[in-house]
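To keep things clear, I will list the structure first and then write my remarks on it.
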Amino acid sequence: MTFRLAWLVLLVVALSACQHRPVRSPLAEWSPSSNFDVRKPRLIVLHATEMSSATAALNVLKTQNASGRVSAHYLIAESGHITQLVGDESRAWHAGAGRWQGINDLNSVSIGIELDNDGNEAFAPEQIRALVTLLADLCQRHGISKQAVIGHGDLAPTRKRDPSAKFPWQQLAEAGFGLWYPEILAEPPSGFDAHLALAAIGYDTRDLAAAVRAFHRHFRAMESDGEALDAIDAKILFQLSQNRINP
Ligand SMILES: [Zn+2]
């Protein structure tokens, strides 16, 4: 290696190290304080890759694609193998445009977990077991509320449907994660507004039919059309609105 080449290599290494330095304003004098920490995620968002394999998904999540760059913090294969792609303290690009409990920039406050699933098939038991283990670890390490686990379709009801109506939300709730309701439901009081409750638990109801579709997919495991909520929906929404926990 010539001296010139060695110098170039050193320069490239130094420049790449610079990328991770804190962003400083050119207008201010830098007088660093040690009294800070990294961002604290408050929400966990579950996705289905809607692709044919975990290997194909891993490639998309790590490269530049025709429709832009996307990523997630974790990818869980059908076998239950967990891959981490982005540090928990960093902002991965998995949520996109959406809203949940009035928060618009969901990438900044969440951890994204992709599940290898084509979007129509049942989820593998090994994969759900691995997810539960990962959720327990994330909630414990970061102090995230165990109820603050939602689907991509919940926060982006007009654009997304993952992780699909096949996702076992009830099983996840029995393991202690996400929102669910008891088998025997109380009658809501007279005057109870189910559509208002939909917004109160977190859904963006500006497109009401889309919000109802997302609710049905998550809490009734079905695809629906229109804005109508039936008596069972009202009971479920009354129960969920009673238990609402802010992420
Ligand atoms: Zn997604």
Side-chain angles (χ1 to χ4, degrees), residues 40-48 95 97-106 108-111 113 123 128 131-132 135-136 138-140 142-247:
K40 288 219 185 301
R42 293 185 280 154
L43 185 69
I44 297 173
V45 180
L46 305 184
H47 302 258
R99 183 188 281 195
W100 182 256
Q101 292 190 349
I103 304 168
N104 293 307
D105 180 7
L106 288 146
S108 290
V109 298
S110 66
I111 285 179
I113 301 176
F123 287 79
I128 300 302
L131 172 63
V132 166
L135 290 176
L138 289 172
C139 290
Q140 201 262 328
H142 298 298
I144 302 172
S145 158
K146 286 181 164 188
Q147 275 72 46
V149 182
I150 61 168
H152 197 188
D154 293 316
L155 69 85
T158 58
R159 300 187 303 115
K160 297 288 177 181
R161 59 181 290 280
D162 62 314
S164 96
K166 298 263 173 69
F167 184 79
W169 288 108
Q170 184 174 1
Q171 190 189 335
L172 204 71
E174 283 162 4
F177 300 97
L179 290 169
W180 202 248
Y181 49 90
E183 221 162 288
I184 298 168
L185 288 160
E187 203 66 48
S190 67
F192 174 73
D193 187 327
H195 287 116
L196 272 183
L198 198 60
I201 65 169
Y203 285 99
D204 177 3
T205 54
R206 287 175 297 179
D207 183 331
L208 194 53
V212 167
R213 259 199 315 277
F215 167 78
H216 280 152
R217 201 180 290 125
H218 186 137
F219 294 100
R220 305 281 310 265
M222 65 184 197
E223 293 290 342
S224 67
D225 216 356
E227 300 175 357
L229 291 164
D230 66 17
I232 299 170
D233 293 331
K235 286 184 185 180
I236 294 170
L237 281 161
F238 176 59
Q239 179 70 41
L240 294 176
S241 62
Q242 299 295 100
N243 301 344
R244 192 183 102 105
I245 293 172
N246 290 316

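In this chain, residues are counted from 1 in sequence order. Since the model is a prediction, treat every value here as computed from it, not as a measurement.
Of the possible donor and acceptor atoms, none in the side chain of His218 sits under 3.5 Å from a partner among the backbone N and O of Ile150. Side-chain atoms of Tyr181 do not come within 3.5 Å of backbone N or O of Lys235 as any donor-acceptor pair. Judged by distance alone, with hydrogens and angles left aside, the side-chain atoms of His152 form a donor-acceptor pair with the main-chain N or O of Ala95 at under 3.5 Å. For Arg159 (side chain) and Ala97 (main-chain N/O), a donor-acceptor pair under 3.5 Å exists by modelled atom type. No donor-acceptor pair closer than 3.5 Å links the side chain of Gln147 to the backbone N or O of Phe177.
Taking NE2 of His195 as the reference point, atom CG of Leu229 lies at 4.0 Å (rounded to 0.5 Å). Atom CD1 of Ile111 sits about 4.5 Å away from atom CD1 of Ile144, to the nearest 0.5 Å. How far CH2 of Trp100 is from CG of Leu43: 8.5 Å, rounded to the nearest 0.5 Å. To the nearest 0.5 Å, atom CG of residue Leu106 and atom CZ of residue Arg42 are 9.5 Å apart. Taken from CH2 in Trp169 to CD in Glu174, the straight-line distance is 14.0 Å, to the nearest 0.5 Å. Here the CG atom belonging to Leu196 is positioned 10.0 Å from the OG atom belonging to Ser241, to the nearest 0.5 angstrom.
Look at Lys160 and Asp162 and you find no salt bridge, because none of the NZ, NE, NH1 or NH2 atoms lies under 4.0 Å from a carboxylate O. Salt-bridge formation is not detected for the pair Glu223/Arg213: no Lys NZ or Arg NE/NH1/NH2 atom is positioned less than 4.0 Å from an Asp or Glu carboxylate oxygen.
When all heavy atoms are compared, the tightest approach of Leu237 to Ala194 is CD1-O, 3.5 Å.
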Stepwise side chain to side chain contact (heavy atoms under 4.5 Å, CB included) check, Asp233 with Arg220: CA-CA 8 Å; Asp233 293 331; Arg220 305 281 310 265; 2.7 Å; yes
